[in-house]
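Beneath this line is the structure, given in structure tokens, with notes to follow.
Numbers restart at 1 for each chain; the letters A, B, ... are given by sequence-line order, proteins then strands. Quick note: numbers below take in every heavy atom, side chains included, and nothing from hydrogens, waters or symmetry partners.
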Protein chains: 2
Amino acid sequence: MRAVDVLTLPGRAVRVGLAVDVAAFAIGSGRLKILLVRRGVAPHFDAWALPGGFVRAEETLEQAALRELRSETAMDLGSSHLEQLRAFDDPGRDPRGRVISVAHLAVLAGGLPAVHGGDAVTQAIWHDAHALPPLAFDHLRIAEHALHRLRIRLEYAQLAFEFLPPSFTLPELQAVYEAVLNRPLDKRNFRKRLLGQSFLEPLAERRSGPGRPARLYRPAGQPPDL
Amino acid sequence: MRAVDVLTLPGRAVRVGLAVDVAAFAIGSGRLKILLVRRGVAPHFDAWALPGGFVRAEETLEQAALRELRSETAMDLGSSHLEQLRAFDDPGRDPRGRVISVAHLAVLAGGLPAVHGGDAVTQAIWHDAHALPPLAFDHLRIAEHALHRLRIRLEYAQLAFEFLPPSFTLPELQAVYEAVLNRPLDKRNFRKRLLGQSFLEPLAERRSGPGRPARLYRPAGQPPDL
DNA sequence: TCAAAAGTGTTAGCATTACACCCATGC
DNA sequence: GCATGGGTGTAATGCTAACACTTTTGA
């Protein structure tokens, strides 16, 4: 690949800091959680924030997002869903000067992965996504934008599956919808709607526990196994 | 405001070129048009492209988009709709090196404003948006993304009004929908749907021409005049 | 046999689609 | 009076929302 720092730009072209921030969601105890870090450096020392940081010259925005998640929270996104939201560019959003941040939405499968503080961060926690504390920079706006997009994707794409392991029961899927939308749904209507569109493929096995065992499903359109 | 080029970034932080590109749409002859420029400089000399260019240190993304539109096509967006789409960051999208472009969607009111070539551009034209020629960089992807967003906004927000002058007739509004969706709509169903949701406020006047004069409307929720 | 959770149908209201004729004006 | 485009209603269909009991298992 071409060297990047020799990029020749027109005279007045930008020397702007480019950052990424990530709103990472997961489900824990039936509630929607968002990943927050406590900043260990200025500016906004000790404030809660979304994980994120500056993009390096040789990486894509997505790679930067993955790297920051790993270094700040010790969490590996693996094959989880990651999508770009938009750039936030309010002048004054960063007291250090002109920094534009490209926000991302991540969705973690299968509960709350362990996280802990790392580079430039003293803590990393999963916080209730419907009751956010004050956040550094414009991260509250970013988090709200991310939640909004998440809800749209839930209805519109099949993003709910991304919160779950490869196979799951319908009550588990319904719990995801309820956690993200933050309201209860009718069981019969939910099943009718989800099974009606053929996004789901029933599996032979069932999941047992207390009560009647539930049928397992997986997202349709996958090869039987791999 | 703080000086920007003295921004101190962590050692390995980015020195990436930051650009904006604009997919600007308008309606002409009942068809959806998109604004294209013919490049007068390398790279992609002489190729068609979306208007755009590098962001300067002191401006926002939106200001950069407006400035590039003005300097490349001599078009002033005025109070027209402008919204950000997303950042495009494929490594290799620009042969000069690492350049990330934040794409924007613009909607022009009241037909096709005059445009002509300007800085670094030999021509500016309104081209049929449903039959795009090959475009420089990844601008075809950007244009398709913009068209997709435009269609979503049409149904979901009230973006159709942005193509029209402050007051307009229902047949004019329907023509906007038909141009953007690129298919005919039923007149009765269209009127029922639009008048049912109370987005429209009827005005006293009518617009005359050949045939029966049409009632004028304006978007609801505006003060009576200003 | 009891507790716990999974599973199952019907009805009413609402939105969407398809479809054809009369109305108001200018020339 | 005729050409031009604006304006109007109804019936069928599909989707959404509300609602309560039975089934299957483990303890």
Side-chain angles (χ1 to χ4, degrees), chain A residues 27 29-31 111 151-152 154-158 160-161 163-165 167-218 220, chain B residues 27 29-31 111 151-152 154-158 160-161 163-165 167-218 220:
Chain A
I27 309 276
S29 320
R31 305 273 303 165
R151 288 178 166 175
I152 290 172
L154 197 68
E155 313 273 347
Y156 227 52
Q158 286 82 55
F161 304 154
F163 282 101
L164 294 168
S167 68
F168 48 83
T169 68
L170 276 181
E172 284 164 357
L173 184 61
Q174 184 175 343
V176 170
Y177 274 76
E178 291 178 331
V180 173
L181 299 176
N182 203 25
R183 65 185 165 90
L185 298 176
D186 180 89
K187 191 166 39 157
R188 280 173 290 191
N189 293 337
F190 180 81
R191 298 173 82 87
K192 207 186 316 165
R193 190 155 62 87
L194 269 285
L195 295 175
Q197 309 153 298
S198 40
F199 298 151
L200 291 176
E201 201 172 319
L203 300 177
E205 314 99 83
R206 283 151 201 283
R207 166 158 310 162
S208 62
R212 176 173 173 175
R215 162 150 252 151
L216 284 168
Y217 294 84
R218 70 161 166 226
Chain B
I27 309 276
S29 319
R31 304 272 305 164
R151 287 177 167 174
I152 289 172
L154 198 67
E155 313 273 346
Y156 225 55
Q158 286 82 55
F161 304 154
F163 282 102
L164 294 169
S167 67
F168 48 83
T169 68
L170 276 182
E172 284 165 355
L173 184 61
Q174 184 175 344
V176 169
Y177 274 76
E178 290 178 332
V180 173
L181 299 177
N182 204 24
R183 65 185 165 92
L185 298 176
D186 181 88
K187 191 167 37 158
R188 279 174 290 192
N189 294 336
F190 180 81
R191 299 173 81 85
K192 207 187 315 167
R193 191 155 62 87
L194 269 284
L195 295 176
Q197 309 154 296
S198 38
F199 298 152
L200 291 176
E201 201 172 319
L203 301 177
E205 314 98 81
R206 283 149 200 284
R207 167 159 308 164
S208 63
R212 176 173 172 176
R215 162 150 253 150
L216 283 168
Y217 293 84
R218 70 161 168 227

Checklist entry - Is the closest side-chain heavy-atom distance between A:Ile27 and A:Leu164 below 4.5 Å? => result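 Side chain of A:Ile27 against side chain of A:Leu164, heavy atoms only: no contact under 4.5 Å found.
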Item to check | Range on DNA chain C touched by chain A, heavy atoms, distance below 4.0 Å | outcome: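 Range of nucleotides touched by chain A: C:dA4 to C:dT10.
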How close or far is atom [atom2] of [N] from atom [atom1] of [X], stated in whole angstroms?
X: A:Tyr177; N: D:dT16; atom1: OH; atom2: P; answer: 12 Å
X: B:Tyr217; N: D:dG6; atom1: OH; atom2: P; answer: 12 Å
X: B:Gln174; N: D:dG5; atom1: CD; atom2: C1'; answer: 12 Å
X: A:Arg212; N: D:dG26; atom1: CZ; atom2: P; answer: 13 Å

Ignoring hydrogens, what is the shortest heavy-atom contact between [X] and [Y]? Give both atom names and the distance.
X: A:Pro171; Y: A:Arg191; answer: CD-NH1, 4.3 Å
X: A:Leu181; Y: A:Glu155; answer: CD1-OE2, 3.7 Å
X: B:Gly30; Y: B:Ala179; answer: O-CB, 3.6 Å

Next on the checklist: On DNA chain C, compare the nucleotides closest to A:Leu195 and A:Pro210; which residue's is nearer the 5' end?
Outcome noted: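 Comparing both residues, the 5'-ward one is A:Pro210.
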Checklist entry - What distance separates B:Leu173 CG from B:Phe161 CZ, expressed to the nearest 0.5 Å? => result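 Reported value, rounded in 0.5 Å steps: 6.0 Å.
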Under 3.5 Å, side-chain donor or acceptor atoms of residues 204-211 of chain A against the rest of the protein: list the pairs with distances, not counting sequence neighbours.
from	atom 1	to	atom 2	distance (Å)
A:Arg207	NH1	A:Glu172	OE1	3.0
A:Arg207	NH1	A:Glu172	OE2	2.3

Checklist entry - With ring centroids as reference points, do B:Tyr177 and B:Phe190 lie under 6.0 angstrom apart? => result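 Distance test on ring centres: under 6.0 Å, yes.
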Checklist entry - Where along residues 180-193 of chain A does a heavy atom fall under 4.0 Å from DNA chain C? => result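 Heavy-atom contacts with DNA chain C come from A:Lys187, A:Arg188, A:Arg191, A:Lys192.
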Checklist entry - Is the backbone of A:Leu185 close enough, under 3.5 Å, to the side chain of A:Gln174 for a donor and an acceptor to pair up by distance? => result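 The answer is yes, because a donor-acceptor pair under 3.5 Å joins these two groups.
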